[in-house]
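Below is one structure; the comments refer to it alone.
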Protein chains: 2
Amino acid sequence: MSEKSEARPNVVIFCDGGCKPNPGAGAWAAILRYGEKEKELTGGERETTNNRMELTAVTRALEELKVPCSVRIVTDSEYIANAFRQKWIDNWKRNGWKTASKEPVKNKELWVTLDALIAKHLVTWEWTRGHAGHPENERCDELATETRMKLFGC
Amino acid sequence: MSEKSEARPNVVIFCDGGCKPNPGAGAWAAILRYGEKEKELTGGERETTNNRMELTAVTRALEELKVPCSVRIVTDSEYIANAFRQKWIDNWKRNGWKTASKEPVKNKELWVTLDALIAKHLVTWEWTRGHAGHPENERCDELATETRMKLFGC
RNA sequence: CGACACCAUUUCAG
DNA sequence: CTGAAATGGTGTCG
């Protein structure tokens, strides 16, 4: 009910990423929804991991937003959702990007980029179980698979 | 070209196993080829799994060999082929028969038996995709199905 | 130890 | 085409 959030456009982002094999040829996809408008984004990399693709999907989607928004992000990656919902990332930043077991956090550059994008918006995270019939999640899955096949023939 | 391998008879083993339903009534079959000679083996169990039948097929075939041989084993089970080609079994032995995800390896007794048999021979593994027209693989498939029907009527 | 995701093969059912 | 079981692997975190 704050004046701040009322001023922001409401956007929903669905995203997914995959890799075949893992690690290997990967692809990602995202759907941005703003009112009646929808945009689909997708891309791939020849040598990557499943988690990097999941991170890339969110990041690329957020990069589309030109003004501060209220964003609901729907992902099936607990790796990503928990990093923000359970504040893992706050701990990482606090202690020099080390995990709870003192190992360096993987994919740090991607996390830093994502974290900076997140800061511009009012973000709520929603986790949905993969392959459980969620329409937009399944659409992203298909899109990413399609992209991977187009780009890498597998 | 080593004297060791020249001394060994050259044998080829084709094998397959199945289960209907899975788990349930299963059967296996193997073809041993040594020069012009061929022997067919088959058997079944009332309550088993697909993978146990695949393992049993190889094991029973190897048990026929009375002297150390050069053996080419042709299977459509990546479960079995990878256990040896990708050295899964070495890892299992190293860390107390736990899988990569710390679960106990299934069918351990069968693996141990098979591993001991393997050690007596010079074995090369060949994987062939199931139901892809490989004549001996299809023959084994037929044989096993026949056995399952004879023994369990299904 | 737990969780999620990604992937491979086989075996079946409809 | 749609399911599920039997088995394995990696990517990542608490």
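Hydrogens, waters and symmetry mates are skipped; everything else that's a heavy atom, side chains included, is used. In what follows, chains carry the letters A, B, and so on, assigned in the order in which the sequence lines appear, proteins first and then strands, with residues in each chain numbered from 1.
Counting to the nearest Å, the P atom of D/dG14 and the CD1 atom of A/I80 are 14 Å from each other. The nearest whole Å value for the distance from the CG atom in A/N137 to the P atom in C/rC4 is 14 Å. Remark: P of C/rC7 and CZ of A/F152 are 14 Å apart, rounded to the nearest angstrom. Going from atom CD of B/E45 over to atom P of D/dA6 covers 15 Å, rounded to whole Å. What separates CG of B/L114 from C1' of D/dG8 is a distance of 16 Å, to the nearest Å. Atoms CZ (A/R52) and P (D/dC13) sit 12 Å apart, rounded to a whole Å. A/E47 places its CD atom 12 Å from the C1' atom of D/dT10, with the value rounded to the nearest Å. Rounded to whole Å, the distance from CD on A/E138 to P on D/dT2 is 10 Å.
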Open item on the list: Assess the residue pair B/R139 and B/I31 against the criterion (side chain to side chain contact (heavy atoms under 4.5 Å, CB included)); give the C-alpha distance rounded to whole Å, side-chain angles, the decisive distance to 0.1 Å, and a yes or no.
Closed with: CA-CA 9 Å; B/R139 172 65 184 144; B/I31 303 171; 3.6 Å; yes
Task: Criterion side chain to side chain contact (heavy atoms under 4.5 Å, CB included) on B/I80 and B/W111, from CA distance to verdict - done: CA-CA 9 Å; B/I80 298 182; B/W111 285 114; 4.2 Å; yes
Open item on the list: Test side chain to side chain contact (heavy atoms under 4.5 Å, CB included) on B/W125 and B/R72; report intermediate values, then the result.
Closed with: CA-CA 6 Å; B/W125 292 92; B/R72 183 162 64 98; over 6 Å; no
- [ ] Determine, step by step, whether B/F84 and B/I73 satisfy the side chain to side chain contact (heavy atoms under 4.5 Å, CB included) criterion, reporting the C-alpha distance in whole Å, the side-chain angles of both residues, the deciding distance to 0.1 Å, and the verdict.
- [x] CA-CA 11 Å; B/F84 293 97; B/I73 303 178; over 6 Å; no
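Contacts of residues 93-113 of chain A with RNA chain C (heavy atom under 4.0 Å): none.
Here the side chains of B/D115 and B/W92 are not in contact, with every heavy-atom distance at 4.5 Å or above. For the pair B/V12 and B/V71, the minimum side-chain heavy-atom distance is 4.5 Å or more.
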Sequence neighbours left out, cut at 3.5 Å: what donor-acceptor pairs do the side chains of residues 51-65 of chain B make with other protein atoms?
unit_1 : atom_1 : unit_2 : atom_2 : d
B/R52  : NH1    : B/N107 : OD1    : 2.9
B/R52  : NH2    : B/E109 : OE1    : 3.1
B/E54  : OE1    : B/G17  : N      : 3.4
B/T56  : OG1    : B/R52  : O      : 2.7
B/T59  : OG1    : B/L55  : O      : 2.9
B/E64  : OE1    : B/K39  : NZ     : 3.0

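When only modelled atom types and interatomic distance are considered, B/S77 and B/T75 share no side-chain donor-acceptor pair under 3.5 Å. Checked by atom type, the side-chain pair B/N82/B/R85 shows no donor-acceptor distance below 3.5 Å.
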Open item on the list: Protein within reach of the bases, or only the backbone? For nucleotides 8-14 of chain C, mark each nucleotide 5' to 3' as B, S or -, using heavy atoms under 4.0 Å.
Closed with: SSBBSS-
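Within the structure, every side-chain polar atom (N or O) of A/W28 is placed at least 4.0 Å from both OP1 and OP2 of C/rC6.
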